[in-house]
Amino acid sequence: MNDGREGMKKIKFWDLALLCTSIGFYLLYPLLDGPVWCADSGGYVSMHITREPLYPTFLALCRGMAGVLRVDALMITVVLQSVLAGFTAWYAGIAVRDMKAGSRVLQLAAILFQFAVTLLCRFAAGRGSAYTDSILTEGVGLSFYVLFIISLYLYVRTRRSRQLWLTLLFSFLLISLRKQMMITLLIMGIVFAWYILIRERQIRKFLCLAAMIAAVLIAGKVFDRTYQYAVRGEWMEHSGNSMGILCTLLYSSDVEKDQTLFENETVRELYLEIMRQADAQQLLYKYAGSGWLTVSGHYADSYDAIGYGIINPVVEGYIQENFEYSETETARQYDAVCGEMTRTLMRQSHMPLFKVYVYNLWKGLVNSIAQANRLLSLYAAAAYLTAGAMAWYLARRGSALQRRIRSVPDKGSMQEEESVQAVSGEIGASLCFAFIVMTGIVVNALAVGIVIFAQPRYMIYSMGLFYTAVCMMGYDILRLQKHIYRPVY
């Protein structure tokens, strides 16, 4: 009994040491760089009407804490973000270890891959800072996303209601953080459809889960409106949702053909002015050149220049010249004009738009696990193919093991064959994790590809998780070769 208690103490000490190490790793960045002010930071701090509600609310709470503690509010922000990131990396390791025969090797790998993403952002990406010490939604969003994927994975594997509620909670937080994270609703829908509806044929349970997903969406909209009402006295959602896809539609538009699509003369004149300025600055698709890397790079360089440099001044200038609106009325009129322009341009010739989308999609897939350049794009393709081949191999072996289990009536002989059922379960855990992670990568790339340029900031949410999934599958393959499945320390 004493040996057992000592073993438990060692495990607890191991986990505590890892937690302290993980948090300490992330706290190094605020100490090294301090709070990092970025181009978008001002909009969050000022609670601009175009920003989703959660991060400005978080910053306001930090300012309140700073007033009580008499310390810098931004330092409180980045310290909290760093502590959250440290806990998240540690929790990912715990979850992987517990689902993979207690392997401390995989536990460490899961933590180190999260560390590696931060190190790449700080030292290799040219931005000069980690996202955890930046005043950006990614400061908490990267952690929330990892926690969302881990919770979804644990729910599918264990079916514990606590993990389901955590999954829904993190999805709500993410969609309240930035609209890109609406992808979490689609990820849940796909995962639940595959495991609950298709594999288990539990139609009623799937419908219940679908209703919960819808409830998360509604809750996000209610929170957005409540926040705007508290800040501005108006029951409305944040503004500017139409501008994202509008930038892409304008980038790929042919003004000679597409101006005839407009029925509203005012919107048509605004469109022509925007296109005139964009053409003068060579921000349109026709100036992009050839090749996916060249086109996607030109599109990325043009996106903000079109949106913030042209659309906003042109549309907002028109509104200010012709109306005397309040901030909220101006936002509604801005959304109405951009929405009308977007709906009209959706009828443009789709070939340039399709090319931009495909190139941006591939760039997003590359940036999800590497960096978009010619050499690393080849690496990314090889990495995805390798992960797919590993999953295919494990799926075949898992099916063979299941057939073996069903064909052996003598339970004693199954135990003699080193717990074939446990081996099959380990393979299932790895394949489940890989499926959820890859679903997240693909859905995010599909969504970002059509709405905004696929810069690393929007794509790296799953980077550490992808390599963790590959590690888990590699672990299974190696252990299958030896027909042994005990924890590796």
Side-chain angles (χ1 to χ4, degrees), residues 38-41 43-44 48-58 81 117 121 127 131 134-149 152 167-191 213 216-217 219-221 223-224 227 237-249 296 299-300 303-304 307-308 335 338 342 356-357 360-369 372 436-466:
C38 304
D40 292 343
S41 300
Y44 297 116
H48 195 270
I49 197 169
T50 60
R51 296 303 182 185
E52 292 82 353
L54 184 60
Y55 199 63
T57 301
F58 170 64
Q81 290 177 172
V117 174
C121 290
R127 68 185 311 271
Y131 283 114
S134 300
I135 308 303
L136 292 172
T137 54
E138 285 75 16
V140 293
L142 294 172
S143 298
F144 284 160
Y145 184 81
V146 172
L147 292 170
F148 164 77
I149 292 293
L152 179 58
T167 303
L168 297 170
L169 171 63
F170 288 123
S171 177
F172 166 76
L173 293 175
L174 284 162
I175 66 176
S176 301
L177 195 66
R178 58 179 302 117
K179 56 182 174 290
Q180 173 193 351
M181 289 295 109
M182 289 286 185
I183 64 168
T184 58
L185 305 177
L186 186 54
I187 293 168
M188 283 191 289
I190 293 171
V191 171
I213 294 173
V216 172
L217 176 61
K221 290 182 175 295
F223 177 41
D224 194 352
Y227 164 82
E237 294 183 36
H238 71 279
S239 175
N241 285 331
S242 297
M243 195 189 79
I245 185 135
L246 178 58
C247 290
T248 306
L249 293 170
S296 61
Y299 167 67
Y303 186 91
D304 280 347
Y308 296 105
D335 288 341
C338 290
T342 298
V356 172
Y357 178 57
N360 202 37
L361 169 61
W362 173 239
K363 185 175 184 178
L365 291 172
V366 175
N367 277 334
S368 295
I369 62 172
I436 292 173
V437 170
M438 282 307 304
T439 298
I441 289 175
V442 172
V443 169
N444 190 36
L446 288 169
V448 171
I450 194 62
V451 175
I452 195 171
F453 60 103
Q455 66 169 315
R457 174 184 167 187
Y458 306 136
M459 308 310 304
I460 62 170
Y461 289 85
S462 295
M463 183 178 286
L465 296 172
F466 172 81

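Only a predicted model underlies this, so the values are computations on that prediction, with no experimental measurement involved.
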Counting only pairs under 3.5 Å, give me each side-chain donor-acceptor contact of residues 442-449, with atom names and distances, residues two or more places apart or in other chains.
unit_1: N444; atom_1: OD1; unit_2: Q180; atom_2: NE2; d: 2.8
unit_1: N444; atom_1: ND2; unit_2: Y458; atom_2: O; d: 3.0

_Residue pair L465, Y145: steps toward the side chain to side chain contact (heavy atoms under 4.5 Å, CB included) verdict_ = CA-CA 10 Å; L465 296 172; Y145 184 81; 4.3 Å; yes

*So which heavy atom on P56 is nearest to which on R51, and how close?*
CG-CB, 4.2 Å

*Measure across K363 and A372 and return the closest heavy-atom pair with its distance rounded to 0.1 Å.*
CG-CB, 3.6 Å

_Can a donor-acceptor pair be found, under 3.5 Å and without considering hydrogens, that links the side chain of S41 to the backbone of I135?_
yes

*Does a side-chain heavy-atom distance below 4.5 Å link E52 with S176?*
no

*Would you call the rings of F172 and F223 parallel, tilted or perpendicular, where under 30° means parallel and over 60° means perpendicular?*
tilted

*From L173 atom CG to S171 atom OG, the distance as rounded to the nearest 0.5 Å*: 9.0 Å

_Side chain proximity check, N241 to D335, heavy atoms < 4.5 angstrom_ = no

*Going through the checks in order, is the side chain to side chain donor-acceptor pair (under 3.5 Å) test met by Y299 and T248?*
CA-CA 8 Å; Y299 167 67; T248 306; 2.6 Å; yes

_Residue list, ring-ring contact (aromatic ring centres under 6.0 Å, His included) with Y227, at least two apart or on another chain_ = none

*Which pair of heavy atoms, one from Y303 and one from C247, lies closest together, and at what distance?*
CE1-CB, 3.5 Å

_Under 3.5 Å: donor-acceptor pair, side chain of Y55, backbone of L136_ = yes

*Less than 4.0 Å between a side-chain N and a carboxylate O, is that true for D40 and R178?*
no

*Flag the pair M188 / F148 as yes when at least one side-chain heavy-atom distance between them is below 4.5 Å, and no otherwise.*
yes

*asked:* To the nearest 0.5 Å, what is the distance between CZ on R457 and OG1 on T137?
replied: 5.5 Å

*Could you tell me the separation between the SG atom of C121 and the CE atom of M463, rounded to the nearest 0.5 Å?*
7.0 Å

*Non-hydrogen side-chain atoms of F170 and L152 separated by less than 4.5 Å*: no

*Report the distance from atom OH of Y461 to atom OG of S143, rounding to the nearest 0.5 Å.*
10.5 Å

*Give a yes or no answer on whether the side chain of N360 reaches the backbone of I452 with a donor-acceptor pair at less than 3.5 Å.*
yes

_Between N367 (side chain only) and Q455 (backbone N and O only), is there a donor and an acceptor less than 3.5 Å apart?_
no

_From OG1 (T184) to CD1 (I149), nearest 0.5 Å_ = 9.0 Å

*If you measure from NZ on K221 to NE2 on H238, what distance do you get to the nearest 0.5 Å?*
8.5 Å

